[in-house]
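Quick caveat: nothing in here was measured; it's all calculated off a predicted structure.
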Amino acid sequence: MTVLDVRNLTIHDARRRALVTDASISAGSGEPLVIIGETGSGKSLVAQAILGLLPRGFTVAGTVAIGGGAPIAADRADDLRRSWARDIMLLPQEPRAALDPIMRVGRQLAEAAVDRSEGPGAALMAVDLEPSVARLYPFSLSGGMAQRVLVATALVGASPVVIADEPTKGLDAARVARTADLLKSLVREGRALVAITHDLALARSLGGTVAVMKDGRIVESGPAARVFSEPTHPYTRAWLAADPSTWAGCRRCFDMDDLVLAAHGLRFGYPGRPALFDALDLHVPRGGVMALTGPSGCGKTTLGNVLLGIQAPAAGEVTWAGADPFRDPAALRRLRRRYQKLHQDPVSVFVPHRTVGRQLADLGQVMPGFDVTVVLPPLLERLKLAPALLGRYPGEISGGEAQRLALARVLLMEPSLIVADEPTSRLDPLVQKEVIGLLRGLVDERGMGMVLISHDLALARATADEVIDMTNDRRR
Amino acid sequence: MSPIVQAVSTRALQALLTAWVLATLCFAFVHALPGDTALRIAAARVGEDRVTAETADRIRREEGLDRPIVVQYGDWIARLAVADLGRSLVSRRPVTDDLAYHGRFTLGLGAIGWLLSYAVALPIGVLAGFRPEGWVDRLSTAVSVGIASLPSFLVGIGLISLFALTLRWLPPAGFRTGAHMVLPAVTLALGLAAFSIRIIRNAVVEVRSAFYMTFARIKGLGVRQAFRSHGVRNAAIPVATFAALQFAYVVDGFVVIETLFNYPGLGELLVKALLARDVPVIMGAGLMIGLLYAAANLIADLVCLTLDPRRAAQAAA
Amino acid sequence: MTAPSVTLGRPRARRFPSASLALVGAMTALAAVGPFLVATDPNAQDLLRVLEPASWAQPLGTDHLGRDVLARVVHGAPRSLGIALLCVLAASGVGVALGLAAAYGTRLADAVIMRLSDLMLAFPGILLALLLSGFLGGGIVPMLIGIKLTLWPQFARMARAVAIGVLQEPHVEAAELAGFSKHVILARHVLPPVLRQTMTLTTLGLGSAVMSISALGFLGLGLQPPTPEWGAMINELLPYLSEAPAQMAAPCLAIFLAVLGFTLAGQAVADETVRSESAP
């Protein structure tokens, strides 16, 4: 039975720009519907429109029918809001912000319950939480627990439609799988699940119907199995091809005598906790790419900092071109600029109140004989960056460009090794593919070494010559 | 409850420490002063023109001002421990008597002014918070920014000119009848409300735009129900904390207000003692004011701990 | 859809920046050039012409000693405002320096500085200035010390919080990896946001310093007569409130406009800071 039917939804912002054009979707009981798209594709706006939660000043046209009722004009936010709890429920992107910080979880669950006689225990058990969680306050829940509490909230309510907004944002692969299982429990309960996501892995494991959005339009929709195996729209095809798990791996062998970085017997741990890593060896040859992967908190970034001479290891040694940066201060000074880092958030490697161009030129102050006017133009061309970007402030630059500018900044120092810490985790898949391709190309051209840190095992495998999985330190 | 007890006792200790530092500072200032303390006291007691070297010497001996400073300080602290603050150099009355007498007036005025301010600020602040940018909000913002830009003695002077001198409804100064309390209390209340209205308004606005309020609606609660069960409690935390802290502001404000209205509270006592250099009274009043201030801070902490489980958990950790 | 909110009010647009600018500008001009324009001696007494109403020669009338009120208000401006500026500059200088020291220094230095500021914040604000001025017999120096002591902890706390936040940002690490010195990082990365954030405190602090100075003057514990200071003028004129309301109104209005100007300017600076932080 169709419980959600959205017809010809069109949304304009306050400046009359079309953000969503003529989107129609429908979902039935016990079925997942996945709306998948990149940042800015308009997918979240569709959810906001269905809930009657569009920002003020936006105009919307089209109809929404929820719970088998009559279609409601989408611009009647008050009528749409009347279906809250009765017909529709939301699993928000920031689960903890949805919980009253000073009320116990159990009472908040009870507020949503249809059957008030039943305690919160059963619903919590259904989402694999201890019944005692009911007595906790939201601040002592982890993000994952909070999400489970919200799923339990949807379970105790009666609404046949549940919208999940970016349920896997910022999660690593293992947690994505767990979240998918959690969401499937709603489907098994006979709810219609509308998942808004950018995550192919989640879409794949949920199944059901998939609608692909690009620039405010649904470019392709159909059963998940069909869309993923035989995509018809070129955009869908490009996107699927950008998924690292489909890339051709490129594992090469190198001359292990020409190392830019070596480490032996590294150990690091915070006091009072088990060591993050112990007896760890690694070697990065000239032109080689080494990937560090594992769930968040496994010590990837810390290891990267140890390799860069930022944090001293508890035991073991790091060797840069034959010298140990922790024991040989002169070598550290001499080689400092040869060992560089590419940060996760490219915008934040630039000081906010200085133009990017000035900050690149600033490097001349620490590098004798450096002439930015000579070195920079060919580099910008190689990175496909417009020179006009140099006049902008960091806040005025988009993600992909910012990452390439950050790369330009690092390359100006002619590094022998770059530690790239989640360089693409904030980028959309198509941009990710481009940036990764660029990085690989540069490693080959310049004969650098690279250490790629990523929580995405598929990306690590597709990019690197060797992968260290830090979950249990297994080489792959 | 034990972590709360612990947090409170830490705070109480801190409060005592503050009061002690304040009293010691008073003592230090007095003795660091240039010139002859005994001579100044004599001048205060018998009049500037009749002071002689003999009177000064007599006072020096009587008050023990010829002993080493450390001894005087130790003596003062020892007597402090048994609640003996000495005698006023001018009136010869025990300082504790003076403090008890004037303290009553201050606490009475403070309590009335504080209650009055919240009787005004709560409804206005909540109304403004429910309609941000509405006329209540705009008007109350303009008025409270205006009042906040006036030192309390200007507010008081304005009220005196209007209600006492022009309309002749109320007495301008003094303390004999209840009517004498009205103008100082209103002056105090206006000064407090100028700030608390904004705090209340912002707390209400913030809570109303918090996502958990929207989510409570999505869960099926009505607007009123959502505000009652989630809004009020969350908005109460900053407001109650601020209200308790404002009691400390009362301490700040009454010095000026009491002097203006010639109202016999602690502030007036302190200012008169400062002008007369009546050292034991200055130190006693300083100590008392410090204690009141610290007590207000302590209450603010307690309020926060009881209302906010996050703070309680932090205190426990 | 980051936490979709039923939008209940836009973020505030910039509030009254032009009004505050005009007020602060006018007050600065009054303090800077006023005394040169109004040549009348503010302390010249004329006991035959006391408490006279406004006239062409004396636009704001005369006080109880026959002194020209306009001249006293104008000549009071550099004192009231100048001392306030001195207090706040000293407080912000000391506060920012100590805050940065706490952020950069060892744990011990951090703990000492922060406990010290806790202790200062636990003091009733005006009391300290009152005690100092009272004991040291009025004058600029005790007032300066007293007000500065009550103001610096706010600057220290904010500077420390901002600096600690900035030091954790990737651009600091990136600059370190590029081999920039600690001084360059302090000057280029840390100081600008610290100063921007403390601007609000500086402006608001000016307002509260003007209030404290006039309150001390009013209590007879600030600048001593016959110095033309606004608070002291009010103290002197208070007994003649019913006979000479206009003369009283002049210094009152001066204090009000100065504090209002700084309050609004502080608000405008705060709005501007928030706006520039949240700009894309």
Under 4.5 Å heavy-atom distance to chain C, tell me which part of [X] shows up: side chain, backbone, both or neither.
| X | value |
| --- | --- |
| A/Arg354 | side chain |
| A/Asp362 | both |
| A/Gln365 | side chain |
| A/Ile310 | side chain |

What are the residues of residues 403-417 of chain A, in order of number, with any heavy atom under 4.5 angstrom from a heavy atom of chain C?
A/Arg409, A/Met413

Within residues 340-350 of chain A, which residues come under 4.5 Å of chain C, heavy atom to heavy atom?
A/Gln340, A/Lys341, A/His343, A/Ser348, A/Val349, A/Phe350

Minimum heavy-atom distance between A/Leu363 and C/Ala178, given as atom pair plus value:
CD2-CB, 3.9 Å

From CA spacing to verdict: side chain to side chain contact (heavy atoms under 4.5 Å, CB included), A/Arg336, C/Glu176
CA-CA 9 Å; A/Arg336 175 67 281 167; C/Glu176 281 166 355; over 6 Å; no

Can you tell me if A/Lys300 has over 12 outside heavy atoms packed within less than 6.0 Å of its NZ?
yes

Compare all side-chain heavy atoms of C/Leu177 with those of A/Arg337 and state whether any distance is below 4.5 angstrom.
no

